[in-house]
**Student:** 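Next up is a structure, given as C-alpha cells.
Note that ligands are numbered from 1 as they come in the structure, with each ligand's atoms numbered from 1 the same way. Just so you know, residue 1 is the first one in the sequence shown, and it goes up from there. Only this structure's heavy atoms are used, side chains among them; waters, hydrogens and symmetry mates stay out.
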Amino acid sequence: MRIGVLALQGDVREHLRVLTALGAEAVAVRRPDELRSVRGLVLPGGESSVIDKLSRAFGMQHPIREAISSGMPMYGTCAGMILLADRITDGIVGQETFGGLDITVRRNAFGSQSDSFETDLDVPVLGDIPVHAAFIRAPLVTRTGDDVEVLARLDDGGVVAVRQGALLATSFHPEVSGESRFHQLFVDTVRAS
Ligand code: GLN
C-alpha cells in the first residue's frame with residue numbers, strides 16, 4: 001500500500017521512516033503524477049506558509065484539494081494540520097490552506113515563552129497508554145464544526161487532535177517522539193478506504 005508524504009518542506013523523512021516501519025510503501029510526493037500514485041497523503045510539520053506557497057508554485061494546490069474532495073485520506077501534523085484547516089487565524093498575509101477539515105486553527109498559538117513543550121495526552125481512540133506529544137510552535141484548534149471528532153485535548157481543554165471523515169490532524173508531532181499509533185490509525189484508514 002503506497003502512502004505519500006508531501007515533500008515540499010518540513011519533516012518529511014521522519015514521516016517516511018514511521019510509515020515504512022509500519023509496513024507501508026512510503027514515498028515522497030512533489031508532483032501531481034506522484035500524488036495520483038498514492039492512496040493516502042501525510043502533510044508534515046514545517047512552516048505552513050512556506051508549504052502553502054510552494055504547493056501553489058509546484059501546481060499542487062488544486063490536485064491536493066481535488067484529492068481531499070474525492071475522499072483521499074490525509075494526515076496533517078502541526079503545519080500539516082494548519083494546511084487541512086478550513087479557517088486559520090494569525091496566518092501570514094495571503095496565506096491559504098487546502099482545507100477539508102471544518103476547524104479554525106490559531107497558528108503559533110502557544111506564544112513565545114512556550115513555543116515548544118512536551119506533554120502526555122489521553123487519546124481514548126488509541127487506547128489507555130497516553131501519547132507522548134511534542135508541540136513545536138504548534139497550532140491550536142479554536143473551533144470545530146459539528147462533524148469533527150475531537151481525539152485529544154490539553155489539560156486546559158484546548159483541542160489538539162481531530163478527525164473528520166478520512167482526514168486526521170494533530171497539533172503535535174508524533175513522528176519525532178517515537179509514537180506511531182496515530183500513523184497506524186492513518187494507515188488503517190487508508191487500508192479501509
Ligand atoms: N508554526 C508553524 C506554522 O505556522 C508550524 C510549526 C510546526 O509544524 N512544527 O506552520
Side-chain angles (χ1 to χ4, degrees), residues 3-19 26 28-30 40-58 60-61 64-65 68 73-121 123 131-144 151-154 156 158-164 167-183 185-186:
I3 298 185
V5 179
L6 184 64
L8 301 175
Q9 189 264 341
D11 69 335
V12 175
R13 252 179 309 175
E14 288 78 359
H15 285 286
L16 291 173
R17 197 176 299 137
V18 178
L19 291 166
V29 166
R30 288 186 194 83
L41 186 69
V42 170
L43 307 177
E47 174 48 54
S48 57
S49 59
V50 173
I51 299 174
D52 164 42
K53 276 187 193 151
L54 291 174
S55 74
R56 287 186 264 163
F58 281 65
M60 285 297 278
Q61 186 191 57
I64 289 174
R65 285 183 175 167
I68 291 169
M74 297 201 190
Y75 173 29
T77 63
C78 203
M81 170 188 257
I82 297 170
L83 289 160
L84 285 176
D86 282 346
R87 296 165 298 276
I88 54 176
T89 49
D90 294 346
I92 69 162
V93 175
Q95 183 168 353
E96 297 179 12
T97 69
F98 304 129
L101 278 177
D102 184 10
I103 59 174
T104 304
V105 297
R106 179 146 29 95
R107 249 178 101 234
N108 301 331
F110 297 95
S112 53
Q113 288 190 352
S114 51
D115 265 353
S116 302
F117 61 97
E118 297 187 18
T119 188
D120 287 324
L121 294 172
V123 187
V131 166
H132 190 70
F135 291 78
I136 305 166
R137 293 180 59 76
L140 180 70
V141 180
T142 54
R143 283 184 63 181
T144 55
L151 301 182
R153 292 178 187 273
L154 294 167
D156 66 6
V159 173
V160 290
V162 294
R163 179 164 66 171
Q164 181 180 6
L167 302 179
L168 176 69
T170 56
S171 302
F172 49 90
H173 293 265
E175 74 282 5
V176 303
S177 57
E179 168 63 59
S180 62
R181 286 173 291 167
F182 272 101
H183 289 77
L185 183 65
F186 179 62

**Student:** Considering residues at least two apart in sequence or located in another chain, which fulfil the side-chain contact (heavy atoms from CB on, under 4.5 Å) criterion with Asp90?
**Tutor:** Arg106, Arg107
**Student:** Looking only at distances, please establish whether an N/O atom of ligand 1 is found under 3.5 Å from an N/O atom of Ile82.
**Tutor:** no
**Student:** Quick check: Asn108 and ligand 1, any N/O pair under 3.5 Å apart?
**Tutor:**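 Min N/O separation from ligand 1 is below 3.5 Å for Asn108.
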**Student:** So, is Ser49 polar-close to ligand 1, with some N/O to N/O distance under 3.5 Å?
**Tutor:**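 It does not: no N or O of Ser49 is found under 3.5 Å from an N or O of ligand 1.
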**Student:** Provide the closest heavy-atom pair for Ser171 versus Leu140 in the form atom of the first, atom of the second, distance.
**Tutor:**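 Nearest heavy atoms, Ser171 then Leu140: OG-CA, 4.4 Å.
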**Student:** Determine the sole option in Thr97, Asp52, Leu54 for which the side-chain contact (heavy atoms from CB on, under 4.5 Å) test with Gln61 is passed.
**Tutor:** Asp52
**Student:** So if I apply the side-chain contact (heavy atoms from CB on, under 4.5 Å) rule between Pro174 and each of Thr77, Val18, Val131, which one comes out positive?
**Tutor:** Thr77
**Student:** Using the test salt bridge (Lys or Arg N to Asp or Glu O under 4.0 Å), find all partners of Arg87 that sit at least two apart in sequence or belong to another chain.
**Tutor:** Asp102
**Student:** Taking both backbone and side-chain atoms of Ile136, is any N or O found less than 3.5 Å from an N or O belonging to ligand 1?
**Tutor:** yes
**Student:** Please could you name the atoms of ligand 1 that Gly45 approaches to less than 4.0 Å, counting only its heavy atoms?
**Tutor:**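 Answer for ligand 1: 8 (O).
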**Student:** With respect to atom 2 (C) of ligand 1, which of Gly46, Gly10, Pro139, Pro44 exhibits the smallest heavy-atom separation?
**Tutor:**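 Nearest heavy atom to atom 2 (C) of ligand 1 lies in Gly46.
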**Student:** Calculate, to the nearest 0.5 Å, the distance between atoms CD and CD belonging to Glu179 and Glu175 respectively.
**Tutor:**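 Going from the CD atom of Glu179 to the CD atom of Glu175 covers 11.0 Å.
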**Student:** Indicate the atoms forming the closest heavy-atom contact of Ile51 with Leu6, along with that distance.
**Tutor:** CG2-CD2, 3.9 Å
**Student:** Given that the side chain starts at C-beta and the backbone is N, CA, C, O, which of these parts of Arg107 lies under 4.0 Å from ligand 1, counting heavy atoms, or is it both or neither?
**Tutor:** side chain
**Student:** Which residue holds the protein heavy atom closest to atom 7 (C) of ligand 1, what is that atom called, and what is the gap in Å?
**Tutor:**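 Going by distance alone, atom 7 (C) of ligand 1 is nearest to Cys78 SG, 2.8 Å.
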**Student:** Quick one: look up the protein heavy atom nearest atom 10 (O) of ligand 1 and list residue, atom name and how far away it is.
**Tutor:**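 I find the closest protein heavy atom is Ser48 N, 2.5 Å.
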